[in-house]
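Here the structure is laid out as structure tokens; the discussion comes afterwards.
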Amino acid sequence: MLRETWAEIDAGRIADNLRAIRGTLSAGVKLMAVVKANGYGHGDLEAAEAARQAGADYLAVAFLEEALRLRAGGVRLPILLLTPIRPDQVELAMARDLTLTVTGADWFRELRRRSPTLAGRKLRVHVKADTGLGRIGFRTEAEWDALVPWLAAPDIDVDGFYTHFATAGQADTAYLERQARRFAELMERSKASGLSIRHYHCAGSAAALRFPGLALDMVRIGAAMYGFYPGHLAPPVALEPALSLHSTLMQVKRVRQGEYVGYDNAYRADADEWIGTVPIGYADGWSQRMRGAPALVRGQRAEIVGKISMDQLMLRLPCPCAPGDRVTLIGRQGGARIAFAELASHIDGAAQEITTALTDRVAKTYANSNKEAEYAWDNAFFQPQRREPTVS
């Protein structure tokens, strides 16, 4: 490692999280591990291998390129593409044994125009219903009825039928229940169509852990496998974040009262202060929204001050420090820690925003037992969960 800014990732933690989640599922419920966005910033191949070791039945990615990279890396588990691809890409997807998301009859119409037959092979698909997220998927019974003849073709294997919830991580479950009822209605219509559909799935991480009744035949576990869970809701299992982020002080200086630090004179010292410069910036994924966030130096908290630049940021140090001192931006130093829940709250976002933002300039190191990353989720951010909605 040439640069002293790095992420430490314990892939064993990812596997342990999945095993713990698996233990909450009823017998027969399959587990789909979501490894899109480079494994939520943890490494796609490493996350996929951890999922395999934990007994995942399926993987999911967002885009065709992500799936092709996994196949090139030797991953053999079934892979679902959560985003529809173009009909002219079907041949490549079938050659790599990928499962496609489909949303409407027009897509099949274009596919058949290009490829009237699939040369004796079967195209495996999951049908996506939009029950209220408003993103992708068919919405009406008429759209479903238009899809059925295409799905009934002998060379189409309808492996799944699914939807995404919009508010599974919110305390108020009213909208979730509305979506669940809508999905139940569409499930019944799909079963009445005469199609043989193996898997019905609607629950991502939050829904699967909060509401076991929504697990159906399969659950999609993304954020939770990396140790993330909505900060205001307590998970029923212990989840351990697998990633910590570190750098070092590259320079330490004494700044006098009234002097400025950083671009645009965005910070002015209220008193004589020690300022440390750290080689990580927004080009590494530590964006301007992290201004004012904490870091750890010598086991104590230090605040990010001034504007974060492309390659560097500045810390107001709690004491005189020295170049080369370790800086922890996520994780533990001594008895102090920076938890994902705290940082997510700081940016008014989700923990996965933080890890997926880390760019290739940040080196990754892997270990099965990483002492620096060993810390429990911050329970101070949890509140009691609400009642469980059901699909009926």
Side-chain angles (χ1 to χ4, degrees), residues 21 24-26 28-32 34 36 60 62 80 82-84 101-105 125-148 151 158-193 195 197-224 228-236 344 348-353 381-392:
I21 294 165
T24 70
L25 302 176
S26 299
V29 176
K30 293 185 177 180
L31 191 153
M32 178 182 289
V34 184
K36 64 182 180 179
L80 171 65
L82 296 170
T83 304
T101 287
V102 295
T103 62
V125 302
H126 283 215
V127 183
K128 177 67 180 295
D130 177 8
T131 58
L133 182 59
R135 202 165 58 181
I136 61 170
F138 77 91
R139 304 184 72 179
T140 67
E141 283 80 358
E143 290 176 291
W144 168 252
D145 292 343
L147 255 173
V148 169
L151 296 172
V158 188
D159 186 56
F161 187 97
Y162 76 109
T163 196
H164 269 87
F165 291 131
T167 60
Q170 293 184 2
D172 186 344
T173 64
Y175 195 78
L176 174 67
E177 293 179 53
R178 175 178 157 186
Q179 280 196 263
R181 287 193 298 270
R182 178 59 177 155
F183 190 61
E185 294 168 357
L186 293 173
M187 283 173 57
E188 292 306 310
R189 196 172 186 91
S190 73
K191 291 175 181 178
S193 70
L195 296 171
I197 301 175
R198 296 186 193 87
H199 306 112
Y200 288 90
H201 50 108
C202 61
S205 290
L209 289 171
R210 292 180 70 193
F211 313 117
L214 296 177
L216 305 181
D217 304 303
M218 181 184 285
V219 296
R220 302 182 303 270
I221 303 301
F228 308 147
Y229 194 79
H232 60 290
L233 299 169
D348 191 25
Q352 52 265 39
E353 285 187 63
F381 285 80
F382 295 148
Q383 297 175 1
Q385 62 193 47
R386 291 191 50 181
R387 64 186 177 86
E388 173 185 332
T390 58
V391 173
S392 59

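Values in this document were obtained by computation on a predicted structure and should not be read as measured data.
You'll find the side chain of S190 reaches within 4.5 Å of the side chain of W144, heavy atoms only.
For E141, the salt bridge (Lys or Arg N to Asp or Glu O under 4.0 Å) partners at least two apart in sequence or on another chain are R182. In this structure R220 satisfies the salt bridge (Lys or Arg N to Asp or Glu O under 4.0 Å) test with no other residue, sequence neighbours excluded. With sequence neighbours left out, the side-chain hydrogen bond (donor to acceptor under 3.5 Å, both in side chains) criterion links T103 to no other residue. Considering only residues two or more places apart in sequence or on other chains, D217 meets the salt bridge (Lys or Arg N to Asp or Glu O under 4.0 Å) condition with none of them. Scanning for side-chain hydrogen bond (donor to acceptor under 3.5 Å, both in side chains) contacts around T140 gives E143, with sequence neighbours left out. Considering only residues two or more places apart in sequence or on other chains, R178 meets the salt bridge (Lys or Arg N to Asp or Glu O under 4.0 Å) condition with none of them.
Partner H201 forms a side chain to side chain donor-acceptor pair (under 3.5 Å) with one of H126, H164, K30 and no other, that one being H126. Of the options L151, D159, T101, L80, a side chain to side chain contact (heavy atoms under 4.5 Å, CB included) to V125 is made by L151 and by none of the others.
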**OP:** Carefully, step by step, assess L186 and T131 under the rule side chain to side chain contact (heavy atoms under 4.5 Å, CB included).
**Re:** CA-CA 9 Å; L186 293 173; T131 58; 4.1 Å; yes
Original post:
After noting the C-alpha distance and the side-chain angles of D130 and F138, does the key distance pass the side chain to side chain contact (heavy atoms under 4.5 Å, CB included) rule?
Top reply: CA-CA 6 Å; D130 177 8; F138 77 91; over 6 Å; no
Subject >> Full working for side chain to side chain contact (heavy atoms under 4.5 Å, CB included) between M32 and I221 >> reply: CA-CA 6 Å; M32 178 182 289; I221 303 301; over 6 Å; no
**OP:** Go through the steps for L209 and T24 under the test side chain to side chain contact (heavy atoms under 4.5 Å, CB included), then give the verdict.
**Re:** CA-CA 8 Å; L209 289 171; T24 70; 4.2 Å; yes
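The two atoms that bring A207 and F165 nearest to each other are CB-CD1, 3.9 Å, heavy atoms only.
Of the inter-residue distances, the one linking D348 atom CG with E353 atom CD reads 8.5 Å to the nearest 0.5 angstrom. Atom CE of M187 is separated from atom OG1 of T163 by 11.5 Å, given to the nearest 0.5 angstrom. Atoms OG and CG, on S193 and D145 in that order, are 9.0 Å from each other to the nearest 0.5 Å.
For the pair K191 and F161, the NZ or CZ position fails the cation-pi test of under 6.0 Å to the six-membered ring centre and within 45 degrees of the ring normal.
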